[in-house]
Q: 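Structure incoming, see below.
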Amino acid sequence: MSEREIRIEKAQRLREQGIDPYPARFQPERTHTIPNAMEQFETLSENKTTVTLTGRMVSRRDMGKAVFMHIEDGYGKVQVYARRDDIGEEQFAVLKLLDLGDFIAVSGYLFTTKTGEKSLHAHSLSLLTKSLHQLPAKHEGLKDAELRQRKRYLDLIANRDEVMSVFIARTRIISAVREFLDSLNYLEVETPILQPLYGGATAKPFSTHHNALDRDMFLRIAPELYLKRLLVGGFERVYEVARNFRNEGIDRSHNPEFTMLEFYEAYADYTVMMQRVEDLVTFAAQKALGKLQFEWGDVTIDLTKPWRRITLRDAILQYVGIDYDEYPDRESLLNIINKKKIHVDPNRGRGRLIDELKDEMFRAGGIELLQPIILYDFPVDLSPLTKKKPEVPGTVERFQAHLAGMQLATSFSELNDPQDQFDRFEDQAAQRALGDDESQTMDSDYIEALEVGMPPAGGVGIGLDRLVMALTNQQNIREVILFPTMRAIEQQENM
RNA sequence: GCGUGCGUAGCUCAGUGGUAGAGCACACGACUUUUAAUCGUGGUGUCGCGGGUUCAAUCCCCGCCGCACGCACCA
């Protein structure tokens, strides 16, 4: 007989004794959360005040006519001491049918055991929920990475402190991000996830079909083009905490669905947005986690402002030893790259080659480049939505913030010249025709919006999952996403 | 997508070409202040799935599935 069958039978025996293993309500009601009761331990125990605590039974030591156990609620853990003489024959018999994992309510008074543990001395207890499965072994935890992600509830139970603290941090960070933007009079908005055209980033989309409209649609790869339509409409500062979907590979820093913060500000340019990014990240870190220094593996990352700012050109020159401005065409740049024995895809355009040099830079820069850094002034090739920098031909007003070696934010002065935007889309379409299936598609409604007039504006996209990774020392994005995308496995029958 | 590694009890892990083990958990018993409680007794199983080699496969080979890591792609 399996553990599950044993527990189902126990539930049946409880029912036969008139006890519902899944009661709709219980009396008396919970009086305190566990930490709440512990905070008031002195007073409550002195007066032997009756308190009722609830939680999942996570350990248990049977001592004949008495039982010690620990119960855990959403906030803390406490030991319960239940003697037959205190709770009575009937309830003690019920207690004998309870298992690790069951939720119970316990009423009694707080006291300190002779070994010094603050505990709850039960005078009555009741079953709230019967558990039909064994909990993972308490001392080993749940280590299997696959099980941890597929059955996150088990992960949360077994590795409670570590796992819960990461996700609590995540929520606090995102709350702090909202607080920061709200305080600057940014308006949080929602834009379509289901889109007739996808744009705002270079990525492959997930496509789907709307039956009633008989139309193919896409899950958004970015909210960008909608948010900027709102600038056209007259909102000056908008942001969205946007779940995006990109039909691409999965690795330690990529999940097919991920959360991106985008915010746009009229009358600002990318230099203003640099300040915003620094301020936002440091505010969120300080507010949510109370510090600006963070462990990242063996290194301490320091978010203290100001962050290092360097042009992409200078950074690549410093760390890779190539000044790409000296190689203005694709062939000469590829030539020097090959001479330096840097491995790149030889079929790339010049912009892509520079992008690869940027990656090479982070490999070469080592731990120095784990610190926050802002790289600015990018080649125009890869930035179809970015305003050109008038002083430097071939360059756009764009920056990327990197943290812990990951690209954290990308930002630019938003292109608002409809003709220029049209030409860039055309250019993208040409690249698409050449087989680049990630180039952006012509969005003529967006062009029309720009024709109506979008004020000059700066915009930022920040990968919030990655921000959380950096601030919680998690090296894999799946550790900061509660239910990361998994491959399908055949469903177990009878589960 | 490619390469490497891994997949054994509920959990954490050993192990072997001769039909599978430990600790925890679990079952039964003892114990009314224990806390990795203790003591006694007893099981745990499609050894990821499918095929092949072999007298015999959990082990060797092939394919598949899943996961991890690296590369590619991307944020």
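Worth saying up front: this structure is predicted, and the values here are computed from it rather than measured. Just so you know, these numbers use all the heavy atoms, side chains as well, and skip hydrogens, waters and symmetry mates.
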Q: Which distance, rounded to the nearest 0.5 Å, do you find between the NE2 of His32(A) and the CG of Leu120(A)?
A: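 Here the interatomic distance stands at 11.0 Å.
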
Q: Base of rU34(B), side chain of Gln79(A) - is there a donor-acceptor contact under 3.5 Å?
A: yes

Q: When the P atoms of rG21(B) and rA9(B) are compared, how many Å lie between them, rounded to an integer?
A: 14 Å

Q: How would you label the contact of Glu3(A) with the nucleic acid (heavy atoms, under 4.0 Å): base, sugar-phosphate, or nothing?
A: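 Here Glu3(A) touches the backbone only, sparing every base.
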
Q: Looking across every strand, which nucleic acid part, if any, lies under 4.0 Å from Asp86(A) by heavy atom: base, sugar-phosphate, or nothing?
A: nothing

Q: Across the strands shown, which category fits Arg478(A) at heavy-atom distances under 4.0 angstrom: base, sugar-phosphate, nothing?
A: sugar-phosphate

Q: Using distance alone, with no hydrogens and no angle criterion, decide if Arg398(A) and Ser383(A) have a side-chain donor and acceptor under 3.5 Å apart.
A: yes

Q: Measuring from Tyr75(A):OH to Ile34(A):CD1, what's the distance to the nearest 0.5 Å?
A: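 These two atoms lie 11.0 Å from each other.
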
Q: Counting any heavy atom closer than 4.0 Å, what does Gln407(A) reach on the DNA or RNA strands: base, sugar-phosphate only, or nothing?
A: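 Sugar-phosphate, backbone atoms only, no base.
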
Q: According to the interplanar angle, ranging from 0 to 90°, do the rings of Phe425(A) and Tyr446(A) count as parallel (below 30°), tilted (30 to 60°) or perpendicular (above 60°)?
A: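 Taking Tyr446(A) first and then Phe425(A), their aromatic rings stand perpendicular (interplane angle over 60°).
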
Q: Counting the atoms with a prime plus P, OP1 and OP2 as sugar-phosphate, which does Ile462(A) contact under 4.0 Å by heavy atoms, base, sugar-phosphate, or nothing?
A: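 It contacts nothing in the nucleic acid.
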
Q: Using a heavy-atom cut-off of 4.0 Å across all strands, would you classify Lys143(A) as base, sugar-phosphate, or nothing?
A: sugar-phosphate

Q: How is Lys10(A) classified with respect to the nucleic acid when contacts are heavy atoms under 4.0 Å: base, sugar-phosphate, or nothing?
A: sugar-phosphate

Q: Starting at the 5' end of RNA chain B, write a dot or bracket for each base, bracketing those in Watson-Crick or G-U wobble pairs whose two distances are under 3.5 Å and using | for partners on another strand.
A: (((((((..((((....[..)))).(((((.......))))).....(((((..]....))))))))))))....

Q: When we call it a touch if two heavy atoms are under 4.0 Å apart, what does Asn476(A) touch: a base, just sugar-phosphate, or nothing?
A: sugar-phosphate

Q: With centres under 5.5 Å and planes under 30° as the test, does Phe258(A) stack with rA75(B)?
A: yes

Q: Base, sugar-phosphate or nothing for Asp465(A)? Non-hydrogen atoms, less than 4.0 Å.
A: nothing

Q: How is Glu262(A) classified with respect to the nucleic acid when contacts are heavy atoms under 4.0 Å: base, sugar-phosphate, or nothing?
A: nothing

Q: Among side-chain atoms of Tyr186(A) and Glu265(A), is any donor-acceptor pair under 3.5 angstrom?
A: yes

Q: Of all residues at least two apart in sequence or in a different chain, which pass the ring pair (Phe, Tyr, Trp, His ring centres under 6.0 Å) check with Phe362(A)?
A: His402(A)

Q: Given the structure, check if the side chain of Asp251(A) and the base of rC71(B) hold any donor-acceptor pair shorter than 3.5 Å.
A: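 No, the side chain and the base share no sub-3.5 Å donor-acceptor pair.
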
Q: Please work out if Leu408(A) contacts a base, only the sugar-phosphate, or nothing of the nucleic acid, heavy-atom cut-off 4.0 Å.
A: nothing

Q: Can rG43(B) be described as syn, meaning its chi torsion is within 90° of 0, or is it anti?
A: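 Syn conformation for rG43(B).
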
